[in-house]
Amino acid sequence: QDASQRRVRCAIYTRQSSKRRTSSDSFTSCDAQKDACKSFIASRTNEGWVAINDDFDDQGSSGKSLDRPGFIKLLNRICERKVDCVVVHRLDRLTRNLSDWASIRMLFETVPIKLVVVRGDLHLDSSPFSKLQFQTLAIVSEFEREMIVERVAHAHATHRDAPQAEFHLATHLPQSQ
């Protein structure tokens with residue numbers, strides 16, 4: 001089969017840390033990520049790219065662990081050789097843990113699986129520059145996760161230690177003459 005006619009089966013992986021939804025309560029961050037990834041794949045249809053008809057979404061799952069149902073389902077499809085390319089909106093949607101990133105990268109290189117990060121139009125390949133880019137993004141993702149944990153812990157401690165003052169709206173309203 002001609003290389004220009006080769007079909008590239010693309011799996012879209014999305015993850016949202018919280019189960020919060022937007023004000024419309026129907027459109028989530030996972031939906032937005034998926035739309036961006038679908039558009040990216042559609043822009044590559046002339047290269048044979050097609051989104052596979054399967055969902056790999058983890059809503060309310062942290063990136064600190066790979067133990068997520070959608071991610072495990074994706075790994076199973078990869079091992080079954082039903083996926084040629086994984087498309088994510090940002091690298092931190094896959095993981096926020098540097099050692100997990102190393103495992104993912106090794107699996108993708110072994111199978112082999114293409115990895116595309118839509119935001120930034122990054123493609124993981126065997127070049128030293130590509131590896132450096134992805135390694136740097138993985139380090140930053142882990143750093144961001146650690147900063148979030150620290151900020152949340154600080155906010156909890158501050159809230160716990162702060163005196164609980166009552167707020168009375170009437171004391172803040174202008175007095176009528």
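Checking side-chain atoms of Lys73 against main-chain N and O of Asp55 turns up a donor-acceptor pair under 3.5 Å. A donor-acceptor contact shorter than 3.5 Å is absent between the side chain of Arg90 and the backbone of Gln33.
In this model, a donor atom of one side chain and an acceptor atom of the other lie less than 3.5 Å apart for Ser17 and Arg15. Using modelled atom types, one finds no donor on one side chain facing an acceptor on the other under 3.5 Å when comparing Asn97 with Thr95.
By the 4.5 Å heavy-atom criterion applied to side chains, Asp84 and Trp49 are not counted as neighbours. The shortest distance between side-chain heavy atoms of Asp58 and Pro69 falls below 4.5 Å. In this structure the side chain of Lys114 reaches within 4.5 angstrom of the side chain of Val8, judged on heavy atoms. Two residues are said to be in side-chain contact when any heavy atoms from C-beta on lie closer than 4.5 Å; Phe27 and Asp35 meet this criterion. For the pair Thr45/Val50, no side-chain contact is recorded, criterion being any heavy-atom separation below 4.5 Å from C-beta on. Proximity of Val88 to Val116: side-chain heavy atoms (C-beta onward) are nowhere separated by under 4.5 Å. For the pair Asp54/Val83, no side-chain contact is recorded, criterion being any heavy-atom separation below 4.5 Å from C-beta on.
Atom CD1 of Ile113 sits about 10.0 Å away from atom CG of Leu75, to the nearest 0.5 Å. In this structure, CD in Gln16 is found 12.5 Å from OG in Ser62, a value given to the nearest 0.5 Å. Once rounded to the nearest 0.5 Å, the distance linking CZ of Arg77 with CD1 of Ile52 reads 7.5 Å. With values rounded to the nearest 0.5 angstrom, Leu115 atom CG is found 11.0 Å from Leu107 atom CG. Between Gln59 atom CD and Ser29 atom OG the span is 8.0 Å, to the nearest 0.5 Å. Ile12 CD1 to Cys30 SG: the interatomic distance, rounded to the nearest 0.5 Å, is 12.0 Å.
By the salt bridge (charged side-chain N to carboxylate O under 4.0 Å, His left out) test, Asp100 pairs with no residue at all, sequence neighbours left out. Taking the side-chain hydrogen bond (donor to acceptor under 3.5 Å, both in side chains) definition, one finds that Asn76 meets it with nothing, sequence neighbours left out. Residues that satisfy the ring-ring contact (aromatic ring centres under 6.0 Å, His included) test with Tyr13, not counting sequence neighbours, are Phe71. With sequence neighbours left out, Lys38 forms a salt bridge (charged side-chain N to carboxylate O under 4.0 Å, His left out) with no residue at all. Scored by the side-chain contact (heavy atoms from CB on, under 4.5 Å) test, Asp67 finds Ser65, Ile72 as partners (sequence neighbours excluded). Here Arg93 pairs with nothing under the side-chain hydrogen bond (donor to acceptor under 3.5 Å, both in side chains) rule; sequence neighbours left out.
Partner Lys34 forms a side chain to side chain donor-acceptor pair (under 3.5 Å) with one of Thr14, Thr28, Asp57 and no other, that one being Asp57.
Considering all non-hydrogen atoms of both residues, Ser43 and Asn46 come closest at O-OD1, 3.8 Å. Pairing each heavy atom of Ala51 with each of Ile41, the nearest pair is N-CG2, 3.7 Å. Residues Phe56 and Ala11 come closest through the heavy atom pair CE1-CB, 3.7 Å.
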